[in-house]
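Below are the structure tokens for one structure; questions will follow.
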Amino acid sequence: TFPQSGPCDANPLDVLQSARDEGPDARRLFHDHFRQLHTDLQDPDSPFDKLPISAENLCNPRFEPSFEPLSKLFEIHILYYIRRQDEWVASAWKQWGVKGGVTLLQFCQRDLTGPVPYPSYLSVVDRWEPLSESVHVRPLHPSVLHKGDIVSDFAHAIGVDKSGCQDVHVANKTM
């Protein structure tokens, strides 16, 4: 977890967002925090050997430069879950378009025909591949996920026991 007080206090997603958007000082705090985590992981008494980061917004443009210096400290492996495009459109519209009063047609015209049409799975892979040891793209579908769910699949893929993980309620379902 990120500290609840001090220079890096925040929700981890906020720390990632500020490293991307708020300039050199925010990136320095972000890097300092991860350098400390790296030092902690090197301790022979540390029970941890992995530092998983799970954040949907890392697929958005301009996050990867914040990780470039960290790629010299950590072996970065990307596990990228993607939805079928039609499922992505329905889910994204419910999450963002409906709140903004945008019809499904307007949402599709704006987001699917804009300068960077969404979803843009290949561009995400292209941006992260140079920083990582591996990129694994996984369909977000129960038929191909380990034990049929994303938490089990993620735990299995990174080699951790899922028994310590809490099951999560799926709130962002498609139609």
Are Ile76 and Glu133 packed together at the side-chain level, in the sense that at least one heavy-atom pair is separated by less than 4.5 angstrom? no
Where the side chain of Arg83 meets the backbone of His141, is there a donor-acceptor pair that is under 3.5 Å apart? no
Is the closest basic N to carboxylate O distance between Asp149 and Lys147 below 4.0 Å? no
Could you tell me whether the side chains of Thr103 and Gln106 share a donor-acceptor contact shorter than 3.5 Å? yes
Are the side chain of Ser91 and the backbone N or O of Trp88 linked by a donor-acceptor pair below 3.5 Å? no
For Trp128, run the ring-ring contact (aromatic ring centres under 6.0 Å, His included) check against Phe67, Phe63, Tyr121, Tyr80 and tell me which one passes. Phe67
Using modelled atom types only, decide if a donor and an acceptor are shared between the side chain of Arg20 and the backbone of Pro61 within a distance under 3.5 Å. yes
Any donor-acceptor N/O pair, His136 side chain to Tyr81 backbone, under 3.5 Å: no
Under 3.5 Å, is there a donor-acceptor pair linking the side chains of His38 and Gln36? no
Hey, is the main chain of Ser66 close enough, under 3.5 Å, to the side chain of Arg27 for a donor-acceptor pair? no
Run the numbers on Val89 and Leu104 for side-chain contact (heavy atoms from CB on, under 4.5 Å), then give the verdict. CA-CA 9 Å; Val89 168; Leu104 178 58; 4.1 Å; yes
Mind checking whether Ser132 and His77 have side chains closer than 4.5 Å, heavy atoms only? no
Just by distance, no angles: are the side chains of His146 and Ser152 close enough, under 3.5 Å, to form a donor-acceptor pair? no
Under 3.5 Å, side chain of Arg127 to main-chain N/O of Cys59, donor-acceptor pair present? yes
Give a yes or no on whether His156 atom NE2 has more than 12 heavy-atom contacts from other residues, nucleotides or ligands under 6.0 Å away. no
Could you list all the salt bridge (charged side-chain N to carboxylate O under 4.0 Å, His left out) pairs where at least one residue sits in residues 40-55, not counting sequence neighbours? none
